[in-house]
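To start, the structure itself, in structure tokens.
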Amino acid sequence: KAGVTQTPRYLIKTRGQQVTLSCSPISGHRSVSWYQQTPGQGLQFLFEYFSETQRNKGNFPGRFSGRQFSNSRSEMNVSTLELGDSALYLCASSFRDTNRETQYFGPGTRLLVL
Amino acid sequence: SQQGEEDPQALSIQEGENATMNCSYKTSINNLQWYRQNSGRGLVHLILIRSNEREKHSGRLRVTLDTSKKSSSLLITASRAADTASYFCATDAFQGAQKLVFGQGTRLTINP
């Protein structure tokens with residue numbers, strides 16, 4: 001099976017712009033979670049989707065949003081970008097929505113905000 | 001907020017030696033997972049240990065879990081240069097939520 005794929009892999013934006021990142025989970029996986037990784041804050045949970053429904057959301061401002069499509073692919077959007085949004089954004093997928101399963105991570109999208 | 005705290009933050013050893021990393025967490029868990037990350041790339045799942053397990057092996061990896069002390073350790077035996085990476089522990093701190101809470105990681109360097 002193909003692994004989790006994320007597009008684009010690298011992105012440069014300027015402050016105030018918005019950005020959309022895409023994640024395709026492993027075939028058959030219905031749960032997708034998003035994480036932000038920065039040197040200062042480490043890996044932090046953004047949100048999790050299962051069957052097109054957001055099940056949980058981390059402590060991020062409303063500028064961060066996401067959605068999941070019927071084929072389980074997910075997108076996250078960040079509006080009004082700030083310098084501090086520069087980070088590696090990782091998505092992870094798993095088959096079910098329980099917290100007892102391994103999550104499989106994609107390679108990430110590295111976002112640089114200038 | 002960080003649930004897990006890895007120790008040490010950085011570790012440098014010679015190839016062939018064993019590497020031990022520790023993780024402590026704060027709340028009750030269902031399971032604890034260890035991940036590896038190479039140079040800012042995606043995370044690779046190494047091993048999952050459930051709260052009712054005390055030890056688990058996978059190849060050169062050995063993970064222990066002590067729920068009474070809220071701690072876990074990852075042992076990599078006979079280290080190789082390719083093991084150079086950051087290692088993270090992650091716990092499922094929230095009931096019903098597909099969410100992992102990560103520690104800050106241990107940066108492991110294997111010197112040839």
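Letters A, B, ... mirror the listed sequences (proteins, then strands); counts begin at 1.
- The environment of B:Arg107 atom CZ is dense: over 12 non-hydrogen atoms of other residues, nucleotides or ligands sit within 6.0 angstrom.
- At most 12 heavy atoms of other shown residues, nucleotides or ligands fall within 6.0 angstrom of atom CZ in B:Arg80.
- Following chains of ILVMFWY side-chain contacts shorter than 4.5 Å, one can reach B:Met21 starting from B:Leu46, so the two form part of one hydrophobic cluster.
- Hydrophobic clustering (side-chain heavy atoms under 4.5 Å, transitive across Ile, Leu, Val, Met, Phe, Trp, Tyr) keeps A:Phe64 apart from B:Phe102.
- Minimum interatomic distance between A:Gln37 and B:Phe88 (heavy atoms only, all atoms of both residues): NE2-CZ, 3.7 Å.
- Heavy-atom contacts from other residues, nucleotides or ligands closer than 6.0 Å to OH of A:Tyr104 number 12 or fewer.
- Taken from CD1 in B:Ile47 to OG1 in A:Thr102, the straight-line distance is 10.0 Å, to the nearest 0.5 Å.
- With contacts defined as side-chain heavy-atom distances shorter than 4.5 Å, the pair A:Leu88/B:Gln37 qualifies.
- For A:Arg9, no part lies near chain B; criterion is any non-hydrogen pair under 4.5 Å.
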Please test B:Val101 against A:Leu43 for side-chain contact (heavy atoms from CB on, under 4.5 Å), starting from the C-alpha separation and ending with a verdict.
CA-CA 8 Å; B:Val101 183; A:Leu43 278 152; over 6 Å; no
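- Taking the side chain as every heavy atom from C-beta outward, B:Tyr35 and A:Phe105 approach each other to under 4.5 Å.
- Hydrophobic clustering keeps A:Phe50 apart from A:Met76 (ILVMFWY residues linked when any side-chain heavy atoms are closer than 4.5 Å, directly or through intermediates).
- Considering all non-hydrogen atoms of both residues, A:Gln103 and B:Gln33 come closest at N-OE1, 4.0 Å.
- Listed here is the closest heavy atom pair of B:Leu100 and A:Tyr35: N-OH, 3.0 Å.
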